Amino acid sequence: MKALSAIAVAALVIYPGVVLAASDAPPGAASCSGCHATNAAVESPVPRIHGRNANEIVTAMAAFRTGALPSTVMGRIAKGFTDEEMHPIAAWLAAQK
Amino acid sequence: MTLHPTRRNFLRSSAAIASATLFPLPALAQAAPRVIVVGGGFGGATVARQIKAIDPKFHVTLVESSATFTACPLSNAVIGGLRDLKAQQFGYDKVRAAGVNVVIGTAIGVNTGSRTVRLTDATLPYDRLVLAPGIDIRWDGLPGYNEAASAKMPHAWRAGDQTTLLRSQLEAMEDGGLVVMSAPANPFRCPPGPYERASLIAHYLKTKKPKSKLIVLDAKDQFSKQRLFQNAWKELYPDHLEWVSLSSGGKVTSVDPATNTLTTEFGKHVAKVANVIPPQKAGRIADLAGVTNQTGWVPIDPMTFESRQIPGIHVIGDATIAGAMPKSAFAANSQGKACAAAVAKLLTGAKPPEPKLINTCYSLVAPDYGISVAGVYVPANGMLAEVQGSGGVSPLDAPRDVRVTEATYAEAWFRTITSEVFG
Ligand SMILES: Cc1cc2nc3c(=O)[nH]c(=O)nc-3n(C[C@H](O)[C@H](O)[C@H](O)COP(=O)(O)OP(=O)(O)OC[C@H]3O[C@@H](n4cnc5c(N)ncnc54)[C@H](O)[C@@H]3O)c2cc1C
């Protein structure tokens with residue numbers, strides 16, 4: 001976990017800018033911003049997840065997967081990711097502004 | 001076959017140093033890798049920005065025919081009178097500001113030997129080429145339907161003037177008029193698109209021209225989100241929308257623009273307004289580059305989106321044969337990100353990562369009634385396959401407030417993705 005977020009932070013330092021670079025994003029992580037806006041100016045009821053605590057993200061995805069946390073589409077997407085896959089994704093998301 | 005040897009060696013060693021220090025080397029002007037992207041839609045504008053964001057030293061040129069992009073998602077709401085076409089339009093200023101060299105022009109040829117792209121007035125060299133040309137209409141795919149016919153019987157399957165034309169025909173039609181739509185066989189751009197459009201036209205008829213009716217003639221027996229659409233139609237549009245499946249004689253075999261007639265194996269339908277959604281193929285430049293196969297679409301390696309037929313050319317979005325992934329703007333965006341990561345690695349001699357992709361597509365059945373399909377995809381057996389147990393459509397038995405929520409998500413998704421791609 002520590003090492004992973006260190007990599008994520010390093011990536012952020014190397015590639016600043018509005019567009020979140022997909023390079024070295026763990027598989028699947030770059031797709032999230034299709035619905036979860038990174039641009040603060042976008043009006044959306046969909047929660048922001050970039051810059052959010054990594055543990056919160058992993059926990060939410062696990063709860064979406066089981067249905068403990070009700071959702072419209074997130075349950076269907078969460079079922080495509082294991083906890084092991086979610087850890088680096090969450091660390092990467094947490095490291096984005 | 002791939003890069004020029006000296007260039008490749010240089011890139012290899014610079015990559016090694018870069019990864020050792022974790023910082024990119026100062027770019028040597030003549031050696032900075034050049035990427036050309038053809039097509040500035042959901043796939044192309046994404047991949048161009050992403051490659052530049054991964055490493056600003058890459059020279060990224062985006063070639064796009066039109067200075068203004070008109071987005072298809074939500075264009076069915078324009079046709080239904082719920083939205084202005086202007087809300088669909090985007091320019092390339094922000095793409096330029098992100099460091100991408102945007103060239104407004106049409107790519108008319110690719111020389112795979114010299115690795116150059118030809119425009120009418122220029123020839124541009126590339127180390128890696130990404131084609132994201134979207135679709136072209138198969139003008140020879142439906143007897144009687146050609147470019148001239150589309151001025152009378154619009155397809156509106158590429159947004160813009162065609163969208164406006166169909167909208168104005170619906171507006172001009174007298175109450176009581178018959179609207180006929182034809183939907184093509186698979187594969188085609190946006191599998192749920194014809195049925196969202198049918199819904200929003202039916203909504204317009206029900207609220208503004210209640211004596212009118214829409215008939216959808218389909219070349220298929222099954223379609224995306226079918227049960228959800230059909231349940232909603234029964235509830236919302238029982239008198240305004242009739243769907244005719246392939247096995248009930250829905251396949252249109254020819255059209256006649258002079259009389260606005262659509263002919264099926266079972267009979268003729270004379271329409272007041274006819275919306276012909278014809279068979280499609282990859283955008284023409286894919287053909288010219290030699291990356292399409294006999295289907296008219298582009299086989300790709302799902303790890304890198306590189307053409308199966310020509311090395312150094314990557315293809316994303318609607319033009320591709322992407323296995324289980326549908327032809328959607330969300331998919332094109334997701335593929336653009338995965339392709340950018342692969343191209344950046346390949347240009348520096350590194351191994352591309354294994355991608356994982358997502359798709360989520362909303363459809364509006366009414367302004368306050370949304371449904372969705374989602375999926376997660378990985379490379380498997382040389383194709384993109386859906387991850388077992390993931391994905392699927394909105395629940396059939398969801399209460400109405402869920403449909404309302406999904407309608408608001410549909411619009412929020414559009415704002416979010418267009419802001420990421422063009423904003
Ligand atoms: C009615 C309708 C509704 C839809 N709704 C949704 C939806 O709700 N959600 C969703 O996810 N998807 C939706 N889609 C699908 C979506 O529009 C496409 O899947 C998406 O646009 C594909 O992106 P692309 O980059 O492959 O192609 P496009 O976005 O079409 O971009 C291709 C670009 O390439 C340019 N181009 C082509 N050839 C050349 C050349 N030789 N030189 C220069 N430029 C060139 C074109 O001008 C165009 O700008 C809908 C489609 C339709 C028709």
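Computed from a predicted structure; not experimentally measured. Atom set for the values below is all heavy atoms of this structure, side chains included, hydrogens, waters and symmetry mates excluded. Residue numbers begin at 1 in each chain, while the letters A, B, ... track the order of the sequences.
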B/R400 atom CZ, neighbour heavy-atom count above 12 within 6.0 Å
yes
If you count heavy atoms of other groups shown closer than 6.0 angstrom to CG of B/D401, is the number above 12?
yes
Nearest 0.5 angstrom please: [X] [atom1] to [Y] [atom2], how far?
X	Y	atom1	atom2	value
A/I77	B/T360	CD1	OG1	3.5 Å
A/C32	B/I358	SG	CD1	5.0 Å
A/T38	B/E420	OG1	CD	5.5 Å
A/N39	B/K94	CG	NZ	8.0 Å

Tell me, for [X] versus chain A, whether the close heavy atoms (under 4.5 Å) come from the side chain, the backbone, both or neither.
X	answer
B/Y362	side chain
B/V373	backbone
B/E406	side chain

If contact means a heavy atom pair closer than 4.5 Å, which residues of residues 386-395 of chain B contact chain A?
B/V387, B/Q388, B/G389, B/S390, B/G391, B/G392, B/V393, B/S394
Can you find a side-chain donor-acceptor pair between B/K337 and A/S33 that sits under 3.5 Å?
yes
Assess, by modelled atom type and distance only, whether the side chains of A/R76 and B/S372 contain a donor and an acceptor separated by less than 3.5 Å.
yes
Residue by residue, which of residues 57-74 of chain A have a heavy atom closer than 4.5 Å to a heavy atom belonging to chain B?
A/T72, A/V73
Go through the steps to decide whether B/T416 and A/S44 satisfy the test side chain to side chain contact (heavy atoms under 4.5 Å, CB included), and finish with yes or no.
CA-CA 8 Å; B/T416 301; A/S44 174; 4.2 Å; yes
Mind checking whether B/K345 and A/D24 have side chains closer than 4.5 Å, heavy atoms only?
yes
Restricting to side chain to side chain donor-acceptor pair (under 3.5 Å), what partner residues turn up for B/K225, sequence neighbours left out?
B/S363
What pair of heavy atoms forms the shortest contact from A/G34 to B/N333, and how long is it?
CA-OD1, 4.3 Å
With sequence neighbours excluded, tell me which residues meet salt bridge (charged side-chain N to carboxylate O under 4.0 Å, His left out) with B/R189.
B/D318
Leading residue by heavy atom contact count with chain B [cutoff under 4.5 Å; candidates A/G75, A/G80, A/A29, A/P45]
A/G80
Start with the C-alpha distance between A/C35 and B/Y409, add both sets of side-chain angles, then the distance that settles side chain to side chain contact (heavy atoms under 4.5 Å, CB included), and finish with yes or no.
CA-CA 9 Å; A/C35 288; B/Y409 285 179; over 6 Å; no
